[in-house]
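Counting convention: from 1, in listed order, for ligands and their atoms alike.
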Amino acid sequence: MPKVLIADKMSSAATQVFKNRGVDVDVITGLSKEELIDIIGEYDGLAVRSTTRPDAEIIKAAKNLKVIGRAGIGVDNVDIKAATDQGVVVMNTPFGNAVTTAEHAIAMLFSAARQIPSASTRTQNGEWPKSDFKGVELFNKTLGIIGCGNIGALVAERALGLKMKVIAFDPYLTAERAVKLGAEKVELDALFQRADAITLHTPLVDSTKGIVSRERLGMTKKGIIIVNCARGGLVDEEALKDALDAGHVRAAALDVFAVEPAKEHPLFGTPNFIATPHLGASTLEAQENVAVQVAEQMADYLLTGAVSNALNTPSITAEEAPRLKPFVNLADNLGAMTGQLLHAPIKSVEFTYKGAVTQLNTNPVTAAALAGLLKAAMPDVNMVSAPVLAKERGIEVKESYVDEAERAESLIRLTVTTTERKYVVVGTIYRGEPRIVRLFGVPMDAAFSPNMVYVRNEDKPGFIGRLGAVLGDNKVNIATFSLGRMKKGDEAVCLVSVDEPISESVAQQIKSLDAVKIVDVVSL
Ligand SMILES: NC(=O)C1=CN([C@@H]2O[C@H](COP(=O)(O)OP(=O)(O)OC[C@H]3O[C@@H](n4cnc5c(N)ncnc54)[C@H](O)[C@@H]3O)[C@@H](O)[C@H]2O)C=CC1
Ligand SMILES: O=C(O)CCC(=O)C(=O)O
């Protein structure tokens, strides 16, 4: 039974989902990094919110880890590269808390426009400070949205409902989508120049770090309102403080800070400044949504191989997972066998799919074949890390599709080009089992088995008997023997499945037989 650790405070709905699905679950929150490193090796899955930060060290210690689930959207607390290199799927819940966060941004906008938190505190202190608070209306004002994805779009919709004008900057926002949203797509500087209020809804990445900079704050209208419910680090906090102190910025409301938890901060106590402790996603509904969703997704992956909302591997739906399984298995075997028969670095790989398999999502099949292929040189590679590792090593990967299967329902052909030559291997599924139907150009029909030996020899009478004798003399039992050749008297290949691994000494004895050209030992 797979075992999952919930390491951050999360709705108990997550625990219930894991239990109902048959996944063993521990909830241990508040662990230090060292404590997490000590225990993470026991777990197949790690569920987090934003407090736990699975970095390269933690991931390295997580020898059994298969999936990290983020109950939320931003994954800047997870080292995705380290996870990918180790073959760990990283998934998030992209929609579960979006409405809640958009509502928080609107609440912050109103709070800033009317200074509600400070008015409330002072009223309750018995001051009745009516003449100290003169807010601004949002009606007819221009809201500048930076980042118009899920949350930005929800904020736009709500702002339009308040009869605000909406302008948006997002390099990936198409003109058509902007029209559909009722927003005007503008350049970044224009947004800073035209907006009466700015709200941020981007991830924290290189292109967004410090996007609200001192220079850009300088372009804004006097009286601008700044709201950040996305990530600390998007706003130059020192520049914001100076602009608030100077009265240029009317009000600012931050839910997120460059360093969290922010228990002390130069902005705290600044007039017209509002802070919430990263509460954007904190509603009953959102927390229930993300907890259930992350647990379902992680359980799906651990129990069925279905992948949803992963950031580092292709999606596989629950319906696709069982249909893909035999092809993933075939691809893994084909790749792993071929990888052990190559004698030079790989330059490129082409995967050609024929027949019924072309109707499926072949991305995971390609990733599995690639992982198999690279395994000979990189034993820890898997479907998640293989595409990245291949890219890093400059291996060109291509996929192509042919509708008609030539001789079986579905065929997968691997064409591997090394620095020395080209190899072609073809496999199929027969009665649910993977089979090899062509090996380096030679037709054959062989099953995969854990221990195999591949021999290429001149097609001469008596060779099979001599090969059988070497194996028999060494007490190696033959399970199956598959032969193939292009034509009589030409080169022949045989793939022998044996019950035990073939030792180097046995391989050498086979190599010394007359007519043998190549001997390779394959273990799957
Ligand atoms: N305060 C909180 O509790 C929460 C904060 N968040 C934060 O909100 C962020 C946005 O969430 P979603 O809208 O769901 O993500 P999303 O991925 O749907 O949207 C992000 C948008 O930012 C845009 N973008 C990327 N680089 C940009 C750039 N340089 N300039 C302008 N736009 C850029 C993207 O094109 C995308 O449209 C998350 O990354 C997360 O960090 C999310 C949930 C809760
Ligand atoms: O889990 C939380 O409370 C934070 C949510 C968040 O920041 C996100 O989903 O990106």
Worksheet item: Between the side chains of Asn20 and Gln16, does any donor sit under 3.5 Å from an acceptor?
Response: yes
Worksheet item: Can you list the ligand 2 atoms lying under 4.0 Å from a non-hydrogen atom of Arg49?
Response: 1 (O), 2 (C), 3 (O)
Worksheet item: Where does Phe169 meet ligand 1, judged by heavy-atom distances below 4.0 Å: at the side chain, the backbone, both, or neither?
Response: both
Worksheet item: So, Arg122 and Asp132, do they make that salt bridge, N to O below 4.0 Å?
Response: yes
Practice prompt. Just go through His104, Arg231, Arg49 and tell me whose heavy atom is the nearest to atom 41 (O) of ligand 1.
Written response: Arg231
Discussion item. If we count only N and O atoms by modelled type, under 3.5 Å, do the side chains of Thr362 and Tyr401 hold a donor and an acceptor together?
Written reply: yes
Fill in: Any N/O pair Arg231/ligand 2 closer than 3.5 Å
yes
Practice prompt. Would you mind telling me if ligand 1 is within reach of the side chain of Asp255, the backbone, both or neither, using heavy atoms under 4.0 Å?
Written response: side chain
Response to the item:
protein heavy-atom neighbour closest to atom 7 (C) of ligand 1 works out as Ala230 O, 3.6 Å
Discussion item. So for ligand 1, is Ala281 a polar contact partner (N or O within less than 3.5 Å, distance only)?
Written reply: yes
Worksheet item: In ligand 2, which numbered atoms sit nearer than 4.0 Å to a non-hydrogen atom of Gly72?
Response: 9 (O)
Worksheet item: In chain order, what residues pass the salt bridge (charged side-chain N to carboxylate O under 4.0 Å, His left out) check against Lys165, with sequence neighbours excluded?
Response: none
Discussion item. Classify the ring geometry of Phe268 against Phe273: parallel below 30°, tilted from 30° to 60°, perpendicular beyond 60°.
Written reply: parallel
Worksheet item: Of all the non-hydrogen atoms in the protein, which one sits nearest to atom 39 (O) of ligand 1, and at what distance?
Response: Pro203 CA, 3.3 Å
Practice prompt. Say whether Ser11 and Gln287, considering side chains only, have a donor N or O and an acceptor N or O under 3.5 Å apart.
Written response: no
Discussion item. With heavy-atom distances below 4.0 Å as the criterion, list the atoms of ligand 1 near Tyr172.
Written reply: 35 (O)
Discussion item. Taking salt bridge (charged side-chain N to carboxylate O under 4.0 Å, His left out) as the definition, give me every residue that meets it alongside Asp255, ordered by chain and number, with sequence neighbours left out.
Written reply: none
Worksheet item: Which ligand 2 atoms, with their elements, are less than 4.0 angstrom from a heavy-atom of His278?
Response: 4 (C), 6 (C), 7 (O)
Worksheet, complete the sentence: The closest protein heavy-atom partner of atom 27 (C) of ligand 1 is Thr208 CG2, 3.6 Å
Fill in: Residue part near ligand 1, for Asn97, under 4.0 Å between non-hydrogen atoms
side chain
Discussion item. At under 4.0 Å between heavy atoms, is it the side chain or the backbone of Val290 that contacts ligand 2, or both, or neither?
Written reply: neither
Practice prompt. Would you kindly say whether Thr352 and Ser400 are connected by a side-chain donor-acceptor distance under 3.5 Å?
Written response: yes
Discussion item. For ligand 2, which is the ligand I care about here, please tell me if Asn97 has any N or O atom under 3.5 Å from one of the ligand's N or O atoms.
Written reply: yes
Worksheet entry | Side-chain ion pair, Arg53 and Asp79, N-O less than 4.0 Å | no
Worksheet item: Is it true that atom NZ of Lys33 has more than 12 heavy atoms of other residues, nucleotides or ligands lying nearer than 6.0 Å?
Response: yes
Discussion item. Within ligand 1, which atoms have a heavy atom of Ile73 less than 4.0 Å away?
Written reply: 11 (O), 14 (O), 38 (C), 42 (C), 43 (C)
Worksheet item: Any side-chain donor paired with an acceptor under 3.5 Å for Asp8 and Thr52?
Response: yes
Worksheet item: Has ligand 1 got any nitrogen or oxygen that is less than 3.5 angstrom from a nitrogen or oxygen of Cys229?
Response: yes
Worksheet entry | Shortest protein contact, atom 8 (C) of ligand 2 (heavy atom only) | Arg70 NH2, 3.0 Å
Worksheet entry | Per atom 12 (P) of ligand 1, closest listed option by heavy atom (Leu154, Ile151, Val205, Asp170) | Ile151
Discussion item. Within ligand 2, which atoms have a heavy atom of Ile73 less than 4.0 Å away?
Written reply: 8 (C), 9 (O), 10 (O)
Worksheet entry | Polar atom proximity, Ser207 to ligand 1 (N or O, under 3.5 Å) | yes
Discussion item. Between His248 and Thr220, is there a side-chain donor-acceptor contact under 3.5 Å, judged purely by atom types and distance?
Written reply: yes
Item to complete: For atom 9 (C) of ligand 1, grab the closest protein heavy atom and report residue, atom and distance to one decimal in Å.
Response: Thr202 O, 3.7 Å
Item to complete: With heavy atoms of His278 as the reference, note each atom of ligand 1 found under 4.0 Å away.
Response: 1 (N), 2 (C), 3 (O)
Worksheet item: Counting only heavy atoms not in Lys3, do more than 12 sit closer than 6.0 Å to its NZ atom?
Response: yes
Worksheet item: Using a heavy-atom cut-off of under 4.0 Å, does the side chain or the backbone of Asn150 touch ligand 1, or both, or neither?
Response: both
Discussion item. Just to check, does Ala98 reach to within less than 4.0 Å of ligand 1 when the distance is taken from its heavy atoms?
Written reply: no
Practice prompt. Output the list of atoms in ligand 2 that are nearer than 4.0 Å to some heavy atom of Ala281, sorted by atom number.
Written response: 5 (C)
Practice prompt. For Lys241 and Glu237, run salt bridge (charged side-chain N to carboxylate O under 4.0 Å, His left out): C-alpha distance rounded to whole Å, both residues' side-chain angles, the deciding distance at 0.1 Å, then the answer.
Written response: CA-CA 6 Å; Lys241 164 128 181 85; Glu237 292 170 350; over 6 Å; no
Worksheet item: In terms of side-chain heavy atoms, does Ser120 have a donor or acceptor partner in Gln124 at a distance below 3.5 Å?
Response: yes
Practice prompt. With heavy atoms of Gly74 as the reference, note each atom of ligand 2 found under 4.0 Å away.
Written response: 8 (C), 9 (O), 10 (O)
Worksheet item: Between Glu137 and Lys141, is there a salt bridge with N-O shorter than 4.0 Å?
Response: no
Worksheet item: So does Lys375 pair up with Asp332, basic N to acidic O under 4.0 Å?
Response: yes
Worksheet item: Can you check whether Pro171 has an N/O within less than 3.5 Å of an N/O in ligand 1?
Response: no
Worksheet item: At a non-hydrogen distance cut-off of under 4.0 Å, which region of Thr101 contacts ligand 1 (side chain, backbone, both, or neither)?
Response: side chain
Worksheet entry | Protein heavy atom at shortest distance from atom 19 (O) of ligand 1 | Gly149 CA, 3.3 Å
Worksheet item: What part of His201 sits under 4.0 Å from ligand 1 if we count only heavy atoms: the side chain, the backbone, both or neither?
Response: backbone
Worksheet entry | No-hydrogen, no-angle side-chain donor-acceptor test under 3.5 Å, His278 and Thr276 | no
